[in-house]
Amino acid sequence: MFLAPTAAGRRWALVAGAAVLTGALVTGCSGGGTSSSGPASSDTINYALPANFTPNWILPIGTAAHLNTNNSSISQAVWEPLIAYDGSTGKVGWNKDNSLATDAEFAADGKSVTVTLGQRHWSDGKPITSRDVEFWFNLVKANKADWASYSPGKAPDNWTSFKTVDDTHFTITFDKAYNQQWMLANELSMIRTIPQHAWDKTSDSGAVSDLDRTAAGAKQVWTYLNNAAKKISGYATDPLWKTVSGPYTIKSFSTAGRVELTANAKYDGGGKAHIKNVNLLPFTTTEAEENALRAGTVDYGYINASDLNQEASFKAKGYSVKPWSGWAITYMPYNFNNPAMGPVFKQLYARQAIQMSVDQTTLSKVVFNGSAVSTYGPIPQGQESSFVSADQKNNPYPYDTAKARKLLTDHGWTEQGGTMVCNAPGTGANQCGAGVDKGTKFEMQVLSQSGSTVTDNMMSALQSSFAKTGIKFGIKTAPVNSVLSQAGQCKSGESSCSWQLSFFGTAGSWYFPAYPSGDSLFATGGGSNFGSYSNPAVDKLITQTTTSSSDVAVQNYSAALAKDLPVIWLPEPDYQISVVRDGLGGFAQDSLANFHPAMWKWTK
């Protein structure tokens, strides 16, 4: 879910691993491949969605409960991004074929940017203009607290004005000069151009006007659009969603997760669809999805990392096995405001003991069959970059349950019945710490994604290693969308603060834009800072990553969070081990975790 930025607005990729919705659903699928010898039709493809990770949002403005890459990928295929910043060509950068903008020119002082739109049209024939970008800008400005990509002080706070120059040019002014790489890849790429002439209203029967140009009106329009987006069964029929700009339109969209896309005949951009019909198939377990692959009813699917030894059997059936690496990190967020364990999580020594109980090397080797890399901080380590600090690379807290136990006993904990208990409350050198009451048991519980054998195996392994330290680790499971909705930000005392740990990232918790700053994730109040982590010193470092053009700023941030442990760092696996039918090509697997169906084509 992988986890991140919307995903429509931010490269948020919560992702899972497995799947059938029902056996009948999958085995009954035709089109795109009904036998292992090749596709049944050159104008159709069947793509397997990650298990228990069903699409559930269409509006190209993300909210926290709807952050998953499938939503983002579908949305971008239907409403083309202003600036498509992705890795679909094999290298992360601006993909202008699939963008509405053709240029972005920064002012000499770095305090503004002027964007040029191409001569493009909505599917109803109306031109796409600067007014459509302003519409998005006004909605987000007035409803920023509900926008999943919002972090205080960042967009739209740091965009002081939007000025329309003409129909195809507009200027956004900033409150100061920023790192242009960060501004383009992390902020301007979040802008979504949406049809003001069709959506600027407050009811299905209401007249379209300039409601968004007042804060009150923008709030009403936001409410209307979000309420409409909650009606999944109406995605294919509601006239609201018929005005599109991308290479595809929605043909069908079931509440169970099956989505059918069909080529937009009115698309006039540079990234036209090569395959007319795209069927996105939901699953509940990886095993069921693998059965569909073996039956030939999936053209582009995946296998568990633990099944890599079966590569030859899939090749014999006419598939290629292609690991899909990601620019991501994987972690479990703490809920620092949980009434029972929040005070414990706020103690750095406690987080150190937890991290020292995580054997990332063995998890990567055994659970992920060597297809994961250890991650010790907030910067991806699976791909070489100049952003990772030496502190993060060298792992400040190597696996050592004996040292972890000593950390706890040195701070007033004693083991009782296999579980550590606080016997020395207080804030002294050998006491449990502020807010940790006498008798508190070191018992923590995770709400984890269901449907993935890999996830289940990792959770069991963690449970075993935590037990060696004297930490009791309970595990509950639910579909990823449920984990996301139940593990949001909360304030102390709220009923929604009952969660302690959450996990939604067997294929990566957070997929970054090209520039891996942490403003959404770990800044105080960040839109995707689920556990409410807050450290003023880290906030300053994050601000420096967005304003300085030097990699040193990112490295300092990397070192600080590798040591301060805002979350439990876990191995970062490949996004998925893809199994692709021979003859399907035309694309690279995007390391930012989006899929791009318009690029897929049958080459034989």
Ser517-Asn186 side chain donor-acceptor pair, cut-off 3.5 Å: yes
When you measure from the side chain of Gln392 to the backbone N and O of Ile379, does any donor-acceptor pair fall under 3.5 Å? yes
For the student: nearest non-hydrogen atoms of Ala185 and Pro513, plus distance: O-CB, 3.5 Å
Please confirm whether the ring centroid of Tyr515 lies under 6.0 Å from the ring centroid of Phe387. yes
Please list, one pair per line, the donor and acceptor atoms closer than 3.5 Å that link side chains of residues 433-442 to other protein atoms, with sequence neighbours excluded.
{"from": "Lys438", "atom 1": "NZ", "to": "Asn423", "atom 2": "O", "distance (Å)": "3.3"}
{"from": "Thr440", "atom 1": "OG1", "to": "Asp437", "atom 2": "N", "distance (Å)": "3.4"}
{"from": "Thr440", "atom 1": "OG1", "to": "Asp437", "atom 2": "O", "distance (Å)": "2.7"}

Name the orientation class of the two ring planes belonging to Trp327 and Phe512 (parallel below 30°, tilted from 30 to 60°, perpendicular beyond 60°). perpendicular
Of the non-hydrogen atoms in Val579 and Leu293, which two are nearest, and what is the gap between them? CB-CD1, 3.9 Å
Pairwise distance CG(Asn335) to OG(Ser498) - rounded to 0.5 angstrom: 8.5 Å
Quick one: NZ on Lys472 to OG1 on Thr419, what's the gap to the nearest 0.5 Å? 6.0 Å
Side chain to side chain donor-acceptor pair (under 3.5 Å) evaluation trace for Asn594 with Ser73: CA-CA 5 Å; Asn594 285 308; Ser73 295; 3.1 Å; yes
First locate atom CG of Leu565, then atom OH of Tyr334, and finally report the distance between them rounded to the nearest 0.5 Å. 6.5 Å
Of all heavy-atom pairs linking Met459 and Ser448, the shortest is CG-OG, 3.9 Å
Would you say Val366 and Met458 make side-chain contact, with heavy atoms under 4.5 Å? no
Without swapping roles, check the side chain of Glu289 against the backbone of Tyr302 for a donor-acceptor pair under 3.5 Å. yes
Would you indicate whether Lys141, at its atom NZ, is surrounded by more than 12 heavy atoms from other residues, nucleotides or ligands within a distance under 6.0 Å? yes
Check whether the side chains of Thr453 and Glu287 place a donor and an acceptor atom closer than 3.5 Å, and report yes or no. yes
Taking C-beta and beyond as the side chain, do Gln360 and Tyr376 meet within less than 4.5 Å on heavy atoms? yes
Heavy atoms, side chains only, cut-off 4.5 Å: are Met341 and Gln445 in contact? no
Just say parallel, tilted or perpendicular for the rings of Phe595 and Tyr47, cut-offs at 30° and 60°. tilted
Ignoring hydrogens and geometry beyond distance, is a side-chain donor-acceptor pair present between Ser371 and Asp574 at under 3.5 Å? no
Do Ser549 and Asn179 meet the criterion of a side-chain donor-acceptor pair at a distance under 3.5 Å? no
Side chains of Asn143 and Trp147, heavy atoms from C-beta outward: is any pair under 4.5 Å? no
Just by distance, no angles: are the side chains of Asp157 and Tyr150 close enough, under 3.5 Å, to form a donor-acceptor pair? yes
Is a donor from one side chain sitting under 3.5 angstrom from an acceptor on the other, for Asp410 and Tyr349? no
Under a 3.5 Å threshold, yes or no: a donor from one side chain and an acceptor from the other, between Asp359 and Ser465? no
For Tyr575 and Pro50, which heavy atoms make the closest approach, and how far apart are they? OH-CG, 4.3 Å
Atom CG of Leu521 and atom OH of Tyr331: how far apart are they, to the nearest 0.5 Å? 4.5 Å
Quick one: pull up CD in Gln555 and NZ in Lys393 and give me the separation to the nearest 0.5 Å. 8.0 Å
Are the side chains of Lys154 and Met190 in touch, meaning some heavy atoms are under 4.5 Å apart? no
Parallel under 30°, tilted from 30 to 60°, perpendicular over 60°: which one fits the rings of Tyr533 and Phe522? perpendicular
So Gln544 and Tyr557, do their side chains get closer than 4.5 Å, heavy atoms only? no
Over 60° means perpendicular and under 30° means parallel, so classify the ring planes of Phe504 and Phe530, tilted if in between. perpendicular
Indicate whether the side chain of Gln76 and that of Ser72 have a donor and an acceptor atom separated by less than 3.5 Å. yes
Ser464 (side chain) donor-acceptor with Ser460 (main chain) under 3.5 angstrom: no
Note: Asn70 and Pro55 closest approach over all heavy atoms is CB-CG, 4.2 Å
Does any donor atom in the side chain of Glu187 or Asn158 lie under 3.5 Å from an acceptor atom in the other side chain? yes
Is a side-chain donor or acceptor of Gln589 paired with a backbone partner of Ser325 at a separation under 3.5 angstrom? no
I want to check something: taking the side chain as every heavy atom from C-beta on, are Ile577 and Phe368 in contact at a cut-off of under 4.5 Å? no
Heavy atoms of Gly153 and Tyr178 approach each other most closely as O-OH, 4.4 Å
Checking Ser558 against Ser389: is there a side-chain donor and acceptor pair closer than 3.5 Å? yes
Output the distance between atom CG (Asn369) and atom CG (Leu308), rounded to the nearest 0.5 Å. 5.0 Å
N/O donor-acceptor pair under 3.5 Å between Ser450 side chain and Ala478 backbone: yes
Under 3.5 Å, is there a donor-acceptor pair between the Thr375 and Glu572 side chains? no
Within the 4.5 Å heavy-atom criterion, are Val358 and Leu462 side-chain neighbours or not? yes
